[in-house]
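Read the structure below first, then the notes.
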Amino acid sequence: MPIFGTDGVRGLANGPLTADLALSLAQATAVVLGQGRSAEARRAAGKRLTAVVARDPRVSGEFLSAAVEAGLASSGVDVFDAGVLPTPAAAFLIADMDADFGVMVSASHNPAPDNGIKIFARGGVKLPDVVEERIESAMSGEKLMPTGAAVGRIRRFADAEDRYVVHLLGSLPYRLDGLHVVIDCAHGAASGVSPETFRDAGARVTVIGADPDGLNINDGVGSTHLDVLAEAVVRHGADVGIAHDGDADRCLAIDADGNVVDGDQIMAILAVSMKSRGRLKDDTLVATVMSNLGLHRAMAEHGIHVETTAVGDRYVLERMNEGGFSLGGEQSGHVIMSDFATTGDGLLTGLHLVAEMARTGRSLADLASVMTVYPQVLINVKGVDRTLAATDEVVQDAVARATAALGVSGRVLLRPSGTEQLVRVMVEAASEDEARRHADELADVVRDRLAL
């Protein structure tokens, strides 16, 4: 099985993800990413390759990041150890330092026993599949083994957090004075930097989920457990709640009444704002096939075109780069603002969302009313042959019937899983009951026709 998944290498720490694997992966990364034109130019100028390494606060990140740094330094790469910082901070610092590449040790929203390794190329961009394949192949090949003064050095990146905060504050079009924000840091990488940045931007800040002990990351808090934040927002009488995940590359929000504002709604708010200020390139938003029908309708009403991609922020980013678009993301809260970031940035997203509240003087609930969220029912049909979902005539006929019945007031999507033998059946409709009825009927057809 390939070791790279949809977002780097991820697994149980000291299960499949060992220190040996991290070391070998880092050495192979130095071989592959040290072969480019810019790397050769750096060597020709008598300089060594450089890399930024950061991690989230889970306990296994300590030994895994040490193994990564050892693998890089043993390959002649000078390492800047940024310590505990969000994934988007690592991506920013790679570009800001003009480093050759960088590594983030994190398993994002996964529980504490898991961990992961994300590799970024020069400029802080994610690697394409072909480069990941080359790195995986290089793990069984010859390593770089310099000696003496040619080995890499590992240095503490002392001002890493300050650089990132200055960058975030410099991106803001409006200060947040007068707004009360509750921030849920998921006991993760944003625990220090997110509250600090919101305060520096002028907000009054209440913090929850910001006491990481290495074992409590994402445990009952953060973007996957929004009920805790919703309760805190209402109890404190705050204007808005901002929820991060473990590595802070996503943002979801809570309005003053305790209602969830998801990634689609956040993108709708930002897209309309950016268009009004002439900052939305080609009046286009990039979203995935899972984004709500309500987002498409709201954008059409505001003269904004929606480009649709496969599920995954990497595919959103690829399309954004191809078209030079300035905004894209996912319903899950991965929002990419390409004028300021090369990847999803939960802090950046949250700051700009609250800045729009400050600019307009409107509540988050009022801003979010720009789109109507259609009820969405998702059923994972397990134990079926996912490869036949697009070709089985009976299944496709059932999809066509459901689509016709829903008309313009709904949508049907069948999506085979990329990793498991299951098919995801998603139906949107004007009512929850209608969406559920069609989803159940389609799931039964898929189960009967495609059973293994």
Side-chain angles (χ1 to χ4, degrees), residues 7-8 50-58 61-62 64-65 68-69 79-109 115-127 155-172 183-201 207 209-210 212 217-218 222-223 242-251 313 317 329 333-353:
D7 196 15
T50 58
V52 174
V53 177
R55 63 182 179 88
D56 72 26
R58 65 189 77 213
E62 297 174 7
L64 288 171
S65 62
V68 167
E69 292 176 1
V79 177
F80 291 91
D81 181 351
V84 174
L85 277 180
T87 291
F92 163 74
L93 291 167
I94 294 163
D96 193 52
M97 291 289 292
D98 192 29
D100 294 280
F101 53 90
V103 179
M104 178 69 191
V105 178
S106 173
S108 188
H109 59 280
N115 217 321
I117 298 174
K118 303 179 185 181
I119 302 169
F120 293 89
R122 175 181 288 277
V125 298
K126 290 186 176 182
L127 303 181
R155 297 179 176 88
R156 175 70 178 135
F157 197 161
D159 65 340
E161 182 173 307
D162 291 340
R163 285 175 180 249
Y164 180 52
V165 171
V166 169
H167 159 67
L168 291 173
L169 294 175
S171 77
L172 276 180
I183 302 175
D184 185 345
C185 299
H187 297 310
S191 295
V193 67
S194 187
E196 171 191 350
T197 309
F198 274 85
R199 288 190 182 105
D200 287 348
V207 186
I217 190 169
N218 302 311
S223 61
I242 297 295
H244 301 304
D245 59 340
D247 69 338
D249 65 351
R250 70 171 69 180
C251 168
D313 63 325
L317 186 56
H334 287 112
V335 176
I336 303 166
M337 305 180 72
S338 64
D339 288 344
F340 310 109
T342 59
T343 188
D345 189 330
L347 279 73
L348 181 73
T349 302
L351 286 164
H352 280 254
L353 178 66

Beyond-backbone contact of [X] with [Y], side-chain heavy atoms, under 4.5 angstrom:
X	Y	result
L85	L93	yes
D313	K126	yes
L168	E196	no
V193	P86	yes
D249	M104	no
L347	Y164	yes
T50	M97	no

Which atom pair, heavy atoms only, marks the closest approach of [X] to [Y]?
X	Y	result
T342	A91	OG1-CB, 3.7 Å
G222	A243	C-CB, 4.2 Å
I242	C251	CG2-SG, 3.9 Å
I94	G123	CG2-N, 4.0 Å
G188	P212	O-CG, 4.5 Å
A189	V84	CA-CG1, 4.1 Å

Practice task
Identify, with sequence neighbours excluded, every residue that meets side chain to side chain donor-acceptor pair (under 3.5 Å) alongside S108.
Solution key: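 Here the qualifying residues are D245, D247.
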
All salt bridge (charged side-chain N to carboxylate O under 4.0 Å, His left out) counterparts of [X], not counting sequence neighbours:
X	value
R122	D98, D100
D184	none
D56	R58
R163	D96, D159

Does [X] reach the main-chain N or O of [Y] with its side chain, forming a donor-acceptor pair under 3.5 Å?
X	Y	answer
N115	S106	yes
R156	A82	yes
H167	F340	yes
R250	G346	no
S194	S191	no
S65	R55	no

Problem - Test side chain to side chain contact (heavy atoms under 4.5 Å, CB included) applied to L351 and L172, D345, L169, the passing residue - result: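 When side chain to side chain contact (heavy atoms under 4.5 Å, CB included) is applied between L351 and each of L172, D345, L169, only L172 qualifies.
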
Handout entry: CA sep, side-chain torsions, deciding dist, call: V52, F120, side-chain contact (heavy atoms from CB on, under 4.5 Å)
Key = CA-CA 9 Å; V52 174; F120 293 89; over 6 Å; no

Handout entry: S171/H352 under side chain to side chain donor-acceptor pair (under 3.5 Å): CA gap, chis, key distance, verdict
Key = CA-CA 8 Å; S171 77; H352 280 254; 3.0 Å; yes

Problem - Residue list, ring pair (Phe, Tyr, Trp, His ring centres under 6.0 Å) with H187, at least two apart or on another chain - result: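 Here no residue qualifies.
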
Exercise for the section: Drop me the distance from T343's OG1 to F92's CZ, to the nearest 0.5 angstrom. Expected result: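 Taking OG1 in T343 and CZ in F92, the distance rounds to 14.0 Å.
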
Practice task
Show the numbers, then the answer: is there a side-chain contact (heavy atoms from CB on, under 4.5 Å) between H334 and T349?
Solution key: CA-CA 9 Å; H334 287 112; T349 302; over 6 Å; no

